[in-house]
Amino acid sequence: MQYHAYNRLGSGGAGGGGGTPSPPASPRRSPRIHRRGGKTGGGRGATLAPPRTLAQRMAWMLLSLLLRRQAIFLFAPLLYVAAMIFYMGTLPLDSVPRIISRPAPGSVYRSPMLYERLRADMEADNSSDGLATVWKHSFKDDRWRPCINTSADVLPDSNGYIFIEANGGLNQQRTSICNAVAVARYLNATLIIPYFPYHSIWRDPSKFNDIYDKDHFISTLINEVRVVDKVPEFLMERFGNNMSNVFNFKIKAWSSIQYYKDAVLPKLAEEKLIRFSPFANRLSFNAPSAVQRLRCLANFEALRFSNPITTLAENLVSRMKERSVDNNGRYIAVHLRFEEDMVAFSCCIFDGGEEEKQDMIAARERGWRGKFTKPGRIIRPGAIRINGKCPLTPLEVGLMLRGMGFSNDTAIYLASGKIYKAEKTMAPLLEMFPLLQTKETLASAEELAPFENYSSRMAAIDYSVCLHSEVFVSTQGGNFPQILIGHRRYLYGGHSKTIKPDKRKLALLFDNPNIGWKSLKRQLLNMRAHSDAKGIEMKRPNDSIYSYPCPDCMCLSNKTEILRSSSVR
């Protein structure tokens, strides 16, 4: 018997001889279709028997079509939509669900409703004493102390005189003065006492010595910068005794100190007198340590309020401490920005209805003619509120502080201008904090009379009382809280002792109709703790040195050294 070797590829001829193997069969269109089995013996060429019933045949044909023509799946969404339309057409109209339109998030001022719902729970809650527990990070092992080195060197001959116009409000003027001191020292120039131009918004004709102690300012800087009251007569004669004839150097905002050396100094040496108008924000915050030292010295040591302002402010601080004797003389200061112009500028909607709407339209037209009615400008009050851009109302300030653990026997000093609709808007805050005071309630009419028509002097009084509070609450941005926060860091071991609420989170909390008092309080206590942790912060390159005096104006020392130095004194 003859045996043949097993060939895995099969034989080419009918007799299974050793010819060339046949190539593999071409692949079918779809690998999903497998034809198995034979008619009887299960041979290789056998196919699956087709369905016999009509329904089976139709399903088989549809499946074959989909598998062989896969592009049909592109039409599946259209088939689904057509089926849904057909289905909806079979339903009666009275069973179609209604679409209820809801106001956009933040577009409704819900805080009064929230206050009424939570008021009973709030008044029943006396579980914490906020003033005793508010600061946890103030007294670490390491603390900061003021340390501004002063020069004892003899000043070289002056290169000329510089005259600045410190434009803006009280605190914008303050930064202009400090920047001018730094520039004058850097250019070895004589600084003329800064001039405060009258502005239509602030409407305050006060001069430098009306707000600041001029003699103290000059004596503090005596070894650093020459400061004089006015330009010498011989120089003014050169310019026809008219300051407008003096060359005005237009400085770009946030210019580097090197620019002053390269561009300003040659002109100063040539003219001997130059002026800068305007001068607000004309020096970069990112500057060498020698420049920062002069800024620190001017801001925290040389600038002291005039005697009338200081005397009244000290009296108001004493009266606030007397009213908070149950809290060891500690009180809260709140900077509230709910004046008519601030409410109008924010474009937020509160609960004043049509009267409020017309008031705000008129106020915007008076202050910013045409700014808010430009073609194409879209104002979305709801989005503004959710983004945390609306000024906090007195009611919201009260809700926030009660939620942060401050009881209704806490003494509060309110620093503010004229509150919009004060009789109505202040009522809930006074209900929550009946010991609330303002400069108008603390001081007599006779005491306030010399300051009443001067916005910057009134702001200086508020600044001083806020500076010495146990807690300062900032409710809106601006120069006032930013300068004050830095000054408090300088006085209180590097910690600002300031609550800066997350206004976006507040907007969401006050817009929530289902939130309970315990949940609201828990989240507000976390917000308070976050402000405490952020109270000690170091200055980064482009941060304001007036808000972040560490480390340029302060030195780090441990607690033991501070206690030892205190005992020696």
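Everything quoted here is computed from the prediction, not taken from an experiment. Each residue takes its place number in the sequence, starting with 1.
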Inset, instruction - Count the heavy atoms belonging to other residues, nucleotides or ligands that lie under 6.0 Å from CG of Leu430, then report whether that count exceeds 12. - result: yes
Legend entry - Partner residues of Cys390 under the disulfide bond (SG atoms under 2.5 Å apart) criterion, sequence neighbours left out: Cys348
Legend entry - Cationic N near anionic O, under 4.0 Å, Lys439 to Asp462: yes
Legend entry - Residue list, side chain to side chain contact (heavy atoms under 4.5 Å, CB included) with Lys214, at least two apart or on another chain: Ile193, Phe208, Asn209, Ile218, Asp229
Legend entry - Ring center gap for Tyr331 and Tyr413 short of 6.0 angstrom: no
Legend entry - Identified side chain to side chain contact (heavy atoms under 4.5 Å, CB included) counterpart of Val183 within the set Ile257, Ile251, Leu191, Leu294: Ile257
Inset, instruction - Indicate whether the side chain of Trp254 and that of Asn281 have a donor and an acceptor atom separated by less than 3.5 Å. - result: no
Inset, instruction - State, with a plain yes or no, whether a side-chain heavy atom of Leu429 is found less than 4.5 Å away from one of Leu395. - result: no
Legend entry - Note, Arg528 side chain near Val134 side chain (heavy atom, < 4.5 Å): yes
Inset, instruction - Check the pair Cys553, Cys296 against disulfide (SG to SG under 2.5 Å), reporting the backbone distance first and the verdict last. - result: CA-CA 6 Å; Cys553 312; Cys296 296; 1.8 Å; yes
Legend entry - NZ or CZ of Arg143 within 45° of Tyr492 ring axis and under 6.0 Å: no
Legend entry - Leu283 versus Ser256, closest heavy-atom pair with distance: CD1-C, 4.3 Å
Inset, instruction - State, yes or no, whether a side-chain contact exists between Arg323 and Leu442 at a heavy-atom distance under 4.5 Å. - result: yes
Legend entry - Pairing of Arg185 and Glu224 as salt bridge, 4.0 angstrom limit: yes
Legend entry - Glu340 bridged to Lys421 by N-O distance under 4.0 Å: no
Inset, instruction - Report the relative orientation of the aromatic rings in Tyr212 and Phe305; use parallel for angles under 30°, tilted for 30 to 60°, perpendicular for over 60°. - result: parallel
Legend entry - Under 3.5 Å side-chain donor-acceptor pair for Arg304 and Thr310: no
Legend entry - Side chains of Met527 and Gln523 in contact at under 4.5 Å (non-hydrogen atoms): no
Inset, instruction - Could you pull out the closest heavy-atom pair between Phe406 and Gly130, with the gap in Å? - result: CE2-C, 3.5 Å
Inset, instruction - Please examine the side chains of Arg174 and Leu170, heavy atoms only from C-beta on, and report whether any two atoms are closer than 4.5 Å. - result: no
Legend entry - With His487 via ring pair (Phe, Tyr, Trp, His ring centres under 6.0 Å) - residues at least two apart: Phe300, Tyr463
Inset, instruction - Taking the side chain as every heavy atom from C-beta outward, state whether Val473 and Met400 have any atom pair closer than 4.5 Å. - result: yes
Legend entry - Close side-chain approach of Asn223 and Leu155, heavy atoms under 4.5 Å: no
Inset, instruction - Would you kindly say whether Asn286 and Ser284 are connected by a side-chain donor-acceptor distance under 3.5 Å? - result: no
Inset, instruction - State plainly whether the residues Arg540 and Asp543 are in salt-bridge range, i.e. N to O under 4.0 Å. - result: yes
Inset, instruction - May I ask you to say whether Arg337 pairs ionically with Glu339, meaning some side-chain N is under 4.0 Å from a carboxylate O? - result: yes
Legend entry - Asp532/Lys136 salt bridge by N-O under 4.0 Å criterion: no
Inset, instruction - With the side chain counted from C-beta on, respond yes when Gln476 and His335 share a heavy-atom pair under 4.5 Å apart, and no when they do not. - result: no
